[in-house]
Every structure is written in structure tokens, then in C-alpha cells.
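Residues: numbered from 1 along the sequence shown. Heavy-atom basis, side chains included; hydrogens, waters and symmetry copies ignored.
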Amino acid sequence: MADGLRARILGRALRVAVARAGAPSGLRFTRRQLYYELCRTLRPVPRRLRRPGFTVSAPVAYPDFRTALDRYGPIPDLLTSEPVGPRRAGEHTPEPDLFDYGLPRLLICESDDVARMLRANGVPMESACPVYGAGELPLDPRIPDMLSMVDRSAVFVLHDATPDGLTFPARLRELTRIPDDVRVVPLGLRPRQASALHLTHLSGPGAAVAVAAELDPSERLWFDRGRTAEVEAVRPASLLRTVHRLVREVRPRDTSIHLRRVRASGFLTWPTV
């Protein structure tokens, strides 16, 4: 394909992807979220092919996307990357008694950009759940004390479907202080969730997974093929809805024994997109 024609095709697809990434109400999104929206635009999954689960290879390389993005011009809803470091809780509020209250939930994202996107779209306020990225750890030492004030408080963890991502929840207590009585709850992303959502996967050499005992055979095979998936591959609106529901621990009402068993195994925790 001639370079000029390819550039025009990517430019038109990018216009569609920009509109879709911010839908339905002008959501803020990251560069990689826009990249994956472009991939869905160029290689959509027909509804008739959505069972069984599978992931999709990227139809365009990330450097080509960046070139098209540079040609496109400014995008108001696109978040820019910022330097990260430990974030001091309460630095933007004058309330002197902020740390006198219990904290029932906290969300830590493996990706700093995902954490920034969730904050930009109001998740901390809507879900009553502060959001931090891994690069902002360790936590302010007063936050674990706030978690300890509430029974069954939880630190929820959002990570990529990668070998390092799957071990991130287990490593969290090494990265920051979390009291023993506070639950650490992984939300995903796991390979089976990525397959259920038909996400775009990245490809590389196969990698051993330290938590292989917790993977089912299809997930092991997926990693053996060198595949990984990022949380940013989930549609922005779907990610916001899912995070809000999961950190509030709102579960759909079980309608059958079969659904209860499937849900207990980790399926149906993320909506289809």
C-alpha cells in the first residue's frame, strides 16, 4: 500500500477513533486508549464471531499510530503524560481532619496513565475511592491507618494481563504498607477477561508466568504464544463502568447455580464491549 494512501486511511480512522474514545459524554482518555480504539476501528469484531472468547492482533503498529496522531493535531480530551512520584494525600484540600475518618476502599493501578485517566473522569468522587498509580507509591503513611478504621476495607488492584501484571497484587505489600487486616483484591486484567472482551493483544516472545498454578490451560497457552493485553485496551466508557461497579462490590443478582459457579471462577466480572 502506498504511503500516501495508508496515511489517509489512518487519518480517517483516527477521526472515528477520537469520537468513539470520548463517547458518550466527552470522556478523557490516554494515548494508548486512543491507539486501541484505532485498532478496533480498523479491525472490528463482528457480533456473530463474539463466541467463544479470543483476542485480536493489532492491525497497526504503535509508531505508525503516533505518526498519524502528530499529523492529526490537538485533541482536547486526550490526556498528556506527566512525571509521577509519591503523591501526598490531602495536598489539595485544606481540611485539617481529613485523616480522622475511615477509608473503606482504595484503588491502585499498575499503570500510572490508567490511574490518571480514572481520576480525570471523576472515579474518586463517584466511587468514593482514591486512585493511585504504581509510580505514586509508597502511600502516604496515614492512608493505611484510615483503611484500618473500617471493617473489611479493601485495596483493589487493576493490572495488565502480563506476567508482571499478574504478580503485581502479590507484590503490593512490598511496595507500600498495607495492614494485615486490609484485603488486597485483584480486579484483573486476566487473559480470560481479555479474551471475553475480544481485546487487542500485543505479541512478543513467550514468557514464563510465576503464577502459572493459578492459570487455566487456555491462559497458559495464550502466554506461551507471547501474547499480552493492557487495561488501556478496554474501551474507556466500559473501563469506567466496570471499575465503579467492582470497587463498590456491586454484583449482579445470581439467576442460577451455573452462573454462580461461572462467576466464582472469574468470568463475567467485566462487561462485553
Checklist line | Inter-residue atom distance L69.CG - L38.CG, 0.5 Å rounding | finding: 9.5 Å
Next item on the list: Apply side chain to side chain donor-acceptor pair (under 3.5 Å) to E232 and list each qualifying residue two or more places apart in sequence or on a separate chain.
Entry: T30
Item checked: Side-chain donor or acceptor of S195 paired with backbone N/O of G53 under 3.5 Å -> no
Next item on the list: Find out whether L199 and Q193 are in side-chain contact, i.e. whether some heavy atom of one side chain is under 4.5 Å from a heavy atom of the other.
Entry: no
Notebook entry, point to check: To the nearest 0.5 Å, how far apart are OG in S203 and CZ in R225?
Noted result: 11.0 Å
Note to self: Show every side-chain hydrogen bond (donor to acceptor under 3.5 Å, both in side chains) that has at least one partner inside residues 169-185, sequence neighbours left out.
What the structure shows: D145-R177, T167-R171, R183-E249
Check: With sequence neighbours left out, which residue pairs that include part of residues 66-80 fulfil the side-chain hydrogen bond (donor to acceptor under 3.5 Å, both in side chains) condition?
Finding: none
Note to self: Contact between V60 and Y35 at the side-chain level, heavy atoms closer than 4.5 Å - yes or no?
What the structure shows: yes
Check: Among side-chain atoms of R245 and T242, is any donor-acceptor pair under 3.5 angstrom?
Finding: no
Next item on the list: Decide whether D216 and S218 meet the rule of one side-chain donor and one side-chain acceptor closer than 3.5 Å.
Entry: yes
Please set out all donor-acceptor pairs under 3.5 angstrom arising from side-chain atoms of residues 12-20, sequence neighbours excluded.
| unit_1 | atom_1 | unit_2 | atom_2 | d |
| --- | --- | --- | --- | --- |
| R20 | NH1 | T41 | OG1 | 3.4 |

Next item on the list: State, yes or no, whether a side-chain contact exists between R105 and R248 at a heavy-atom distance under 4.5 Å.
Entry: yes
Item checked: Of L187, V184, L106, the residue whose pairing with V157 passes side chain to side chain contact (heavy atoms under 4.5 Å, CB included) -> V184
Checklist line | Note, M117 side chain near R28 side chain (heavy atom, < 4.5 Å) | finding: no
Next item on the list: Would you check, one step at a time, whether the test side-chain contact (heavy atoms from CB on, under 4.5 Å) holds for E37 with F29?
Entry: CA-CA 10 Å; E37 195 62 59; F29 49 86; over 6 Å; no
Next item on the list: Might you work through the side-chain contact (heavy atoms from CB on, under 4.5 Å) test for E126 and L240, ending with a clear yes or no?
Entry: CA-CA 10 Å; E126 182 178 354; L240 291 171; over 6 Å; no
Next item on the list: Indicate if F223 and L221 have the same hydrophobic cluster label, given that clusters are the connected sets of ILVMFWY residues with side-chain heavy-atom separations under 4.5 angstrom.
Entry: no
Notebook entry, point to check: With a 4.5 Å limit on heavy-atom distance, are the side chains of C39 and P59 in contact?
Noted result: yes
Margin query: Could you measure the distance from the CG atom of L246 to the SG atom of C129? Nearest 0.5 Å is fine.
Written below: 11.0 Å
Next item on the list: Heavy atoms only: give me the nearest E219-P191 pair and the separation to one decimal.
Entry: OE2-CD, 3.4 Å
Check: Minimum heavy-atom separation for A115 to G133, with atom names?
Finding: CB-N, 3.6 Å
Check: Within the distance-only criterion (no hydrogens, no angle test), does the side chain of E136 pair as donor or acceptor with the backbone N or O of D112 below 3.5 angstrom?
Finding: no
Item checked: Nearest non-hydrogen partners of G102 and P104, listed with the distance -> O-CD, 3.9 Å
Note to self: Measuring only between side-chain heavy atoms, which start at C-beta, is Y132 closer than 4.5 Å to L107?
What the structure shows: no
Notebook entry, point to check: Quick one: ring-ring contact (aromatic ring centres under 6.0 Å, His included) pairs with a partner in residues 133-169, sequence neighbours left out?
Noted result: none
Item checked: Minimal non-hydrogen separation, L166 against R190, with atom names -> CD2-CG, 4.3 Å
Next item on the list: Scan for side-chain hydrogen bond (donor to acceptor under 3.5 Å, both in side chains) pairs involving residues 53-62, sequence neighbours excluded, and state none if there are none.
Entry: R43-S57, T55-H201, T55-W222
Note to self: Are C109 and V231 packed together at the side-chain level, in the sense that at least one heavy-atom pair is separated by less than 4.5 angstrom?
What the structure shows: no
Check: Does any non-hydrogen side-chain atom of V247 lie less than 4.5 Å from one of V185?
Finding: no
Notebook entry, point to check: Distance from D160 atom CG to L202 atom CG, nearest 0.5 Å?
Noted result: 9.0 Å
Item checked: Shortest non-hydrogen contact between L103 and V150, atoms and distance -> N-CG2, 3.5 Å
Next item on the list: For residues P130 and P124, report the shortest heavy-atom separation together with the two atoms involved.
Entry: CA-CB, 4.4 Å
Margin query: Quick check for you: to the nearest 0.5 Å, what is the distance between L34 atom CG and I75 atom CD1?
Written below: 5.5 Å
Item checked: Straight-line distance of L175 CG to I108 CD1, nearest 0.5 Å -> 8.5 Å
